[in-house]
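Here's the structure we're looking at; comments come further down.
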Amino acid sequence: MFAPGLPFLVLLAISVESHMGVLGPKNVSQKDAEFEHLYADEVNSELVNIYTFNHTVTRNRTEGVRVSVNVLNKEKGAPLLFVVRQKEAVVSFQVPLILRGLFQRKYLYQKVERTLCQPPTKNESEVQFFYVDVSTLSPVNTTYQLRVTRIDDFVLRTGEQFSFNTTAAQPQYFKYEFPEGADSVIVKVTSDVAFPCSVISIQDVLCPVYDLDNNVAFIGMYQTMTKKAAITVQRKDFPSNSFYVVVVVKTEDQACGGSLPFYPFVEDEPVDQGHRQKTLSVLVSKAVTSEAYVGGMLFCLGIFLSFYLLTVLLACWENWRQKKKTLLLAIDRTCPESASLLGHPRVLADSFPGSSYEGYNYGSLENGSGSTDALVDSAGSGDLSYSYQGHDQFKRRLPFGQMRQLCIAMDHPFDPVGPRPRLDSMSSVEEDDYDTLTDIESDKNVIRTKQYLYVADLARKDKRVLRKKYQIYFWNIATIAVFYALPVIQLVITYQTVVNVTGNQDICYYNFLCAHPLGNLSAFNNILSNLGYILLGLLFLLIILQREINHNRALLRNDLYAMECGIPKHFGLFYAMGTALMMEGLLSACYHVCPNYTNFQFDTSFMYMIAGLCMLKLYQKRHPDINASAYSAYACLAIVIFFSVLGVVFGKGNTAFWIVFSVIHIIATLLLSTQLYYMGRWKLAGTGQGSSTEEYPVLFSSMPFSLQTGGSSAASSMCSTRTASGSAAGPSTCLHVSASPQDRMVLLVMGNIINWSLAAYGLIMRPNDFASYLLAIGICNLLLYFAFYIIMKLRSGEQIKLIPLLCIICTSVVWGFALFFFFQGLSTWQKTPAESREHNRDCILLNFFDDHDIWHFLSSIAMFGSFLVLLTLDDDLDTVQRDKIYVF
């Protein structure tokens with residue numbers, strides 16, 4: 001019954017035999033092999049060589065095995081295939097080995113070395129066999145050399161440095177086992193030469209091990225390296241309590257910032273790279289313990305909470321001083337004789353409000369009466385006339401009963417100037433209710449072009465209007481902060497997740513030698529050090545709140561010091577500054593979750609805000625009525641941030657961008673200079689229907705009076721008049737120099753020189769870090785304006801009290817140290833990640849914080865001190881009438 005199928009079976013057998021002869025070798029040579037022995041054999045398509053090795057594996061000792069192969073024939077043809085069969089793994093590779101680079105470039109290697117994976121054994125001792133199969137499809141004999149060796153230093157030891165050589169075709173990896181009590185270790189790899197570029201990878205003890213340039217990124221954590229690399233490894237990420245340290249040399253150096261090698265563009269023609277070798281050293285040391293984390297957090301909290309304690313102590317001292325002052329004043333009222341014995345001056349009649357001040361007629365009563373009764377009668381009538389120097393009189397209406405006698409000895413009498421600030425009410429007040437009147441517009445033009453301006457001239461608007469105007473600064477920045485911070489937080493969390501999932505540590509530019517992970521965060525210490533901005537920003541807000549409460553209480557009791565003296569108190573910008581400082585801390589922490597060039601704007605956005613708000617606050621002090629609105633200020637800052645983003649994306653080496661930016665920078669500088677010089681009272685000539693140069697002059701004031709006649713002679717005559725009058729100012733009045741337009745011109749000329757220089761520098765050098773360049777422009781202008789303010793304050797005969805003076809000195813010293821640590825440059829995203837790691841340094845504070853963390857500490861303290869300087873700088877004017885305070 002099987003006879004009909006026999007011919008078919010015979011044909012099938014012949015066919016199979018024929019195919020076996022074509023597709024497979026006819027001879028198999030198997031031999032027992034030994035370690036450390038060099039085998040030089042030949043192989044062809046008809047022959048397969050199999051080498052059998054055996055070695056003893058113990059549980060407590062791991063021994064590495066390395067296979068070295070060198071093909072001696074360099075003729076083009078079929079490569080040799082080496083297959084290493086182990087108990088739990090199979091490794092195969094061809095020789096010559098071909099690895100690919102950028103643009104599918106092919107690189108050929110004749111000599112290949114591979115380390116065999118060594119999984120741990122469960123037995124005390126076990127003999128394991130592995131086989132090396134060598135085959136090829138080349139019809140001619142191909143000569144090769146094979147050596148299998150043991151690696152005695154396969155297991156790395158804690159604290160012991162180990163050096164080795166590696167190439168792209170001869171990668172190396174070693175095993176490390178966590179010692180008892182070590183929850184994390186840091187693996188440091190160094191080299192004396194930058195190139196060739198290499199990759200450091202941390203992989204679990206599993207087979208196979210990915211140790212070639214084209215697969216090393218498949219698993220584990222990895223980072224590129226030139227001279228320095230460091231990876232912190234936590235025990236919780238490796239259940240086997242051990243891991244492999246894999247070192248691979250890349251085929252090309254472009255990933256590390258090097259240049260591409262010459263490559264002949266011949267189709268399918270690989271390039272022999274020759275001996276592309278690198279010597280490296282690896283050191284595994286214990287990372288910080290949990291006690292260091294606790295100590296770092298307590299240190300950080302202790303530093304900044306001490307400022308809260310110091311603030312409370314100063315507040316208690318100030319409260320005690322005020323109570324003592326009130327008690328002495330009460331003694332002065334009840335018993336003048338006792339007060340004089342205690343060294344306190346008696347209250348004199350001519351120190352009452354309304355005393356004559358004949359030598360100085362700005363803001364004085366027309367009749368010059370020195371009688372208190374006359375003053376009260378005038379106040380009761382509700383209308384007071386004021387004569388401004390060289391200008392017409394303006395009528396002012398005063399609330400009844402606000403002019404009262406003071407039983408306080410003062411350096412100079414109160415002169416009723418301008419309208420008294422009304423108490424806050426729930427009624428709606430708009431700024432335009434005051435500004436749209438025609439006579440008030442003309443009033444502005446005359447007042448702002450006077451020879452000498454005083455704060456009273458620019459503090460004429462209703463207090464409620466200005467309070468609402470400046471409170472908008474706070475509410476706007478709070479709204480901006482919410483809408484800005486939420487997507488930023490979401491984005492950096494995504495960045496951190498990508499780093500943790502992919503293991504690609506080239507995404508973020510940390511200081512890897514001092515990056516302490518916590519949870520999912522890779523560099524917790526860099527985030528923790530930003531806590532100072534938040535805590536000190538909150539403390540500043542509390543200080544402003546207390547000041548505002550005290551000021552409002554003074555207004556409620558009709559305190560004329562609060563109503564008529566000192567720089568007008570507006571707290572909206574201070575609240576905005578404190579909020580900006582807190583947001584700087586939050587966004588800087590977000591940036592340091594994963595620092596790189598794409599999110600560096602998060603770290604600088606509110607620095608622009610802080611610089612702009614500080615300049616606005618300085619200007620507001622002497623120009624409360626004509627300061628910029630919140631909407632226009634934040635719109636300008638939005639434009640700055642917009643250019644910051646454009647510069648980061650398009651500014652690197654883009655000549656067209658730098659030309660456009662420099663032109664805009666110079667034009668903006670000129671426009672702002674004109675605005676500041678004429679204090680907003682200028683317009684370009686109109687060209688529309690019905691307009692003329694008479695109706696819309698190019699400049700309202702054309703030329704300030706002092707520029708026409710010279711300011712020095714007027715100042716001298718004014719000084720001599722005051723001295724002749726025998727006023728309380730005394731001879732020192734002659735030393736007072738008012739802020740003339742020449743002073744503003746000096747400031748603006750210096751500002752233009754600096755800004756034009758910065759614009760030229762940017763256009764010529766085109767720095768890669770555009771965000772920092774833009775921030776430098778803002779900081780330079782802020783420092784220039786602040787220096788001008790201090791100089792003009794001293795020139796005007798004003799004083800700097802002890803507390804602001806101490807703040808200035810201490811803040812300057814802290815800023816100096818802070819900048820020193822800032823310029824240490826522990827990393828830079830202007831270079832490749834591998835080049836950036838060359839700047840990494842070890843921790844220097846508590847073995848937990850690095851130089852940049854200290855920059856965070858000191859800069860937050862310095863910013864807080866700078867804010868206190870702005871807050872207290874003019875405290876010496878709290879008892880000086882506003883018509884005696886110069887504008888500059």
Side-chain angles (χ1 to χ4, degrees), residues 360-366 378-379 382-399 402-403 414-425 427-471 551 555 558 560-573 616-617 619-629 675-676 678-682 700-701 704 738-739 874 877-878 880-888:
Y360 179 67
N361 71 343
Y362 172 80
S364 59
L365 293 173
E366 266 190 323
S378 300
D383 287 335
L384 291 176
S385 298
Y386 297 87
S387 62
Y388 296 86
Q389 294 178 0
H391 299 288
D392 297 332
Q393 297 179 359
F394 299 94
K395 290 288 184 177
R396 289 287 182 265
R397 177 168 294 275
L398 296 177
Q402 287 195 359
M403 299 303 298
F414 272 117
D415 292 332
V417 181
R420 302 292 187 257
R422 293 174 291 178
L423 298 181
D424 292 341
S425 68
S427 61
S428 175
V429 174
E430 298 294 337
E431 185 178 357
D432 292 340
D433 295 344
Y434 189 94
D435 286 347
T436 54
L437 299 178
T438 305
D439 58 333
I440 298 302
E441 280 295 330
S442 62
D443 185 357
K444 287 182 181 180
N445 299 334
V446 173
I447 287 179
R448 296 182 197 177
T449 55
K450 288 173 55 180
Q451 180 179 357
Y452 301 107
L453 275 178
Y454 301 90
V455 171
D457 298 326
L458 300 179
R460 302 157 60 83
K461 293 183 181 179
D462 192 286
K463 175 182 176 296
R464 295 172 299 169
V465 173
L466 293 182
R467 179 181 180 183
K468 290 185 177 182
K469 173 182 177 181
Y470 293 124
Q471 283 295 333
H551 180 67
L555 293 179
N558 292 332
L560 285 183
Y561 279 125
M563 300 170 69
E564 296 294 343
C565 296
I567 300 297
K569 303 296 189 295
H570 301 296
F571 300 97
L573 272 169
L616 285 170
K617 186 59 194 178
Y619 189 76
Q620 183 206 53
K621 282 176 172 287
R622 308 284 172 146
H623 312 78
D625 283 3
I626 60 174
N627 204 19
S629 67
Q675 182 77 7
L676 292 177
Y678 292 103
M679 291 186 291
R681 308 312 298 161
W682 68 283
F700 270 117
S701 56
S738 64
D874 291 316
L877 302 177
D878 284 347
V880 179
Q881 283 185 261
R882 288 169 192 161
D883 65 321
K884 310 286 195 305
I885 302 174
Y886 292 113
V887 170
F888 43 80

So, [X] side chain and [Y] main chain: donor-acceptor pair closer than 3.5 Å or not?
{"X": "D625", "Y": "R460", "result": "yes"}
{"X": "K463", "Y": "K461", "result": "no"}
{"X": "R882", "Y": "D457", "result": "no"}

What heavy-atom pair brings L466 and P624 nearest, and what distance separates the two atoms?
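Heavy atoms only, the tightest pair is CD2-O, 3.9 Å.
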
For N627 and Y470, work out which heavy atoms get closest and say how close.
CB-OH, 3.2 Å

Among I567, L616, I885, which residue meets the side-chain contact (heavy atoms from CB on, under 4.5 Å) test with K621?
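Only one option passes, and that is I567.
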
Between K569 and D878, is there a side-chain N and carboxylate O pair less than 4.0 Å apart?
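A salt bridge is present here (some side-chain N lies under 4.0 Å from a carboxylate O).
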
Quick one, K884 with L877, criterion side chain to side chain contact (heavy atoms under 4.5 Å, CB included). Give me CA distance, side-chain angles, the key distance, then yes/no.
CA-CA 9 Å; K884 310 286 195 305; L877 302 177; over 6 Å; no

Step-by-step side chain to side chain contact (heavy atoms under 4.5 Å, CB included) determination, R622 to L458
CA-CA 7 Å; R622 308 284 172 146; L458 300 179; over 6 Å; no

Can you check side chain to side chain contact (heavy atoms under 4.5 Å, CB included) on L560 and Q881, steps first, answer last?
CA-CA 10 Å; L560 285 183; Q881 283 185 261; over 6 Å; no

According to side chain to side chain contact (heavy atoms under 4.5 Å, CB included), who are the partners of K617, at least two apart in sequence or on a separate chain?
L573, F574, M577, Q620

Got a second to check how far Y561's OH is from H551's NE2, nearest 0.5 Å?
15.5 Å

